[in-house]
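Only one structure is covered here, and it is reproduced in the block below.
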There are 2 protein chains.
Amino acid sequence: MFSKFLSLEKEKQDRIINAAIKEFAQKGYDKASTNEIVKEAGISKGLLFHYFGNKKQMYFFLFDYCTTLITDEYYLKVNFKETDFFTRIRQAIIVKMEMLGTHPDIFKFIQEVFLEDSPEIKVEFDKKKQEITHINMEKFYEGIDYSKFREDVDLKKIIKIITWTFEKLSDEVLNQAKMSPNHEIDYQNILDETEEYFQVLTRCFYK
Amino acid sequence: MFSKFLSLEKEKQDRIINAAIKEFAQKGYDKASTNEIVKEAGISKGLLFHYFGNKKQMYFFLFDYCTTLITDEYYLKVNFKETDFFTRIRQAIIVKMEMLGTHPDIFKFIQEVFLEDSPEIKVEFDKKKQEITHINMEKFYEGIDYSKFREDVDLKKIIKIITWTFEKLSDEVLNQAKMSPNHEIDYQNILDETEEYFQVLTRCFYK
DNA sequence: TTTCTGTTGACCATACGGGTCAATGACATC
DNA sequence: GATGTCATTGACCCGTATGGTCAACAGAAA
């Protein structure tokens, strides 16, 4: 399907992928312009369509590319033998922070895909999205030692509260970075703050 | 400025306001179409511009309208003499749920305004948005009795975790409603679940 | 009949979108 | 040098949609 594109030299592939991801992440499917993408990537318009056929197929390709990139990284760097919930979630957060630095637009793009409701896209993606979240959730919670949690409150709610906390924390970080002049992310600060939240949460939710 | 519009009969005002809010909430500033708004409102295009001058001024008007509507309701229904954090937050959530029923599009519109980054809009709104959040935050936390919270962990973090929990819970509710066939919100269910989270959070975060 | 206000919707300029394709360039084979 | 092959170009097409205007109209009041 995308063999023509895949047999390109890596550098050019990356230039195109990055340009496209950036555009889609910023504007969403409908408003993203192929003209902008080719301009940013430094190729001609015809070539883009030569590689991907049309806009929709390109979007599919990018989604696949991003999800495998991210999940591969998680599977590589997160130790799934670790049974402590907080230790495991800490690993995941560190991986996420790293990738926020190395591939700044990918997360925004993925998020955008999950919010997307352009009719052209929605139907075909809804299944995919559900599958992916399901698989990753299952994998993520696999083998966790839940016996450490206090037993006088509903465990499922505790897990949700913890997960939500770190999601919101990550949103806040992203927002702060967007507001800051240099657009840089202060990793040490984040890790410190994350660690502080870990302390609060372990103290309150563990036995 | 909007005197012509304001001197209309209330029913017509509402028809126009609701149509416009719905359109902006769904599509965001740029993609929202004045054509759609007039169609939905059942008025002619000329009339819309006769009332509001142009699209941007209409957007301003709607933002003002919505924020005052919401804050007025909060100030009316939330008892600011109540010093218990959870009791007060419970009141706020109930008001929000009620309004999610009576004015379904308003929250989506407000949310959309806060996410909006159309260059035409962004600059002029950034100040406004900050001011509003600041004022409301201050008012909301005024007079709360913090002595009930456990003292072995950072209070600010606890407050954040609680706030985030209910924000995420509300997001989840909205999402579930969007997914459900009838688009209805199951209020009893929400209130029950909210109550359960209250129990978890009080037990873990109060002394 | 005239005047006035509220209201209409066809119309304008124009921008921008995805997608195409004849033409070009680059390079290998003969 | 000629021929063939393949990647690559970008001017161009056509359809769509936009915010905004304005001459015309309706209907009530004077």
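Just so you know, these numbers use all the heavy atoms, side chains as well, and skip hydrogens, waters and symmetry mates.
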Inset, instruction - Between B:Ile43 and A:Gly53, just flag the one whose closest nucleotide in DNA chain C comes earlier from the 5' side. - result: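 That would be B:Ile43.
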Inset, instruction - Would you check if the distance from the ring center of A:Phe166 to the ring center of B:Trp164 is below 6.0 Å? - result: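 No, they do not, as the ring centres are separated by 6.0 Å or more.
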Separation of [X] atom [atom1] from [N] atom [atom2], in whole Å?
X        : N      : atom1 : atom2 : result
A:Leu47  : C:dG18 : CG    : P     : 17 Å
B:Gln57  : D:dG19 : CD    : P     : 15 Å
A:His50  : D:dT9  : NE2   : C1'   : 12 Å
A:Glu120 : D:dT16 : CD    : C1'   : 13 Å
B:Lys27  : D:dA17 : NZ    : C1'   : 11 Å
B:Asp30  : D:dT18 : CG    : P     : 12 Å
A:Lys39  : C:dG17 : NZ    : C1'   : 14 Å
A:Glu36  : C:dA15 : CD    : P     : 15 Å

Inset, instruction - Give me the ring orientation class for A:Phe63 and A:Phe114: parallel if the planes are under 30° apart, tilted from 30 to 60°, perpendicular past 60°. - result: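 The arrangement is tilted - the two ring planes meet at 30° to 60°.
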Inset, instruction - May I ask you to decide if the ring planes of A:Phe109 and A:Phe24 are parallel, tilted or perpendicular, using 30° and 60° as cut-offs? - result: tilted
Selection from [options] that lies nearest to any side-chain heavy atom of [X]:
X       : options               : answer
B:Lys45 : C:dG17, D:dG20, D:dT9 : D:dG20
B:Leu8  : D:dT18, C:dT7, D:dA7  : C:dT7
A:Ser44 : D:dT8, C:dG18, D:dG20 : D:dT8
A:Lys12 : D:dT8, D:dG20, C:dG18 : D:dT8
A:Thr34 : C:dG18, C:dT7, D:dT9  : C:dG18
A:Phe49 : C:dG18, C:dT7, D:dT8  : C:dG18

Legend entry - Check: A:Lys27/A:Ser33 side-chain N/O donor and acceptor closer than 3.5 Å: no
Inset, instruction - Under 4.0 Å between any heavy atoms, over every strand shown, what does A:Phe5 touch: base, sugar-phosphate, or nothing? Just pick one. - result: nothing
Legend entry - Any N/O donor-acceptor pair, B:Lys4 side-chain to C:dG6 base, under 3.5 Å: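 Per atom types, no contact qualifies.
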Legend entry - Any donor-acceptor N/O pair under 3.5 Å between D:dG20 base and B:Lys55 side chain: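 Counting by modelled atom types and ignoring angles, no donor-acceptor contact under 3.5 Å is found here.
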Legend entry - N or O in side chain of B:Asn35 less than 4.0 angstrom from D:dT18 OP1/OP2: yes
Inset, instruction - Check whether any side-chain N or O of A:Tyr51 sits under 4.0 Å from OP1 or OP2 of D:dA7, and answer yes or no. - result: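 Answer no for this pair, as no side-chain N or O of A:Tyr51 is under 4.0 Å from OP1 or OP2.
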Legend entry - Note: B:Lys108-B:Glu112 ion pair, threshold 4.0 Å (strictly below):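 Looking at B:Glu112 together with B:Lys108, the answer is no, because their closest N to O distance does not fall below 4.0 Å.
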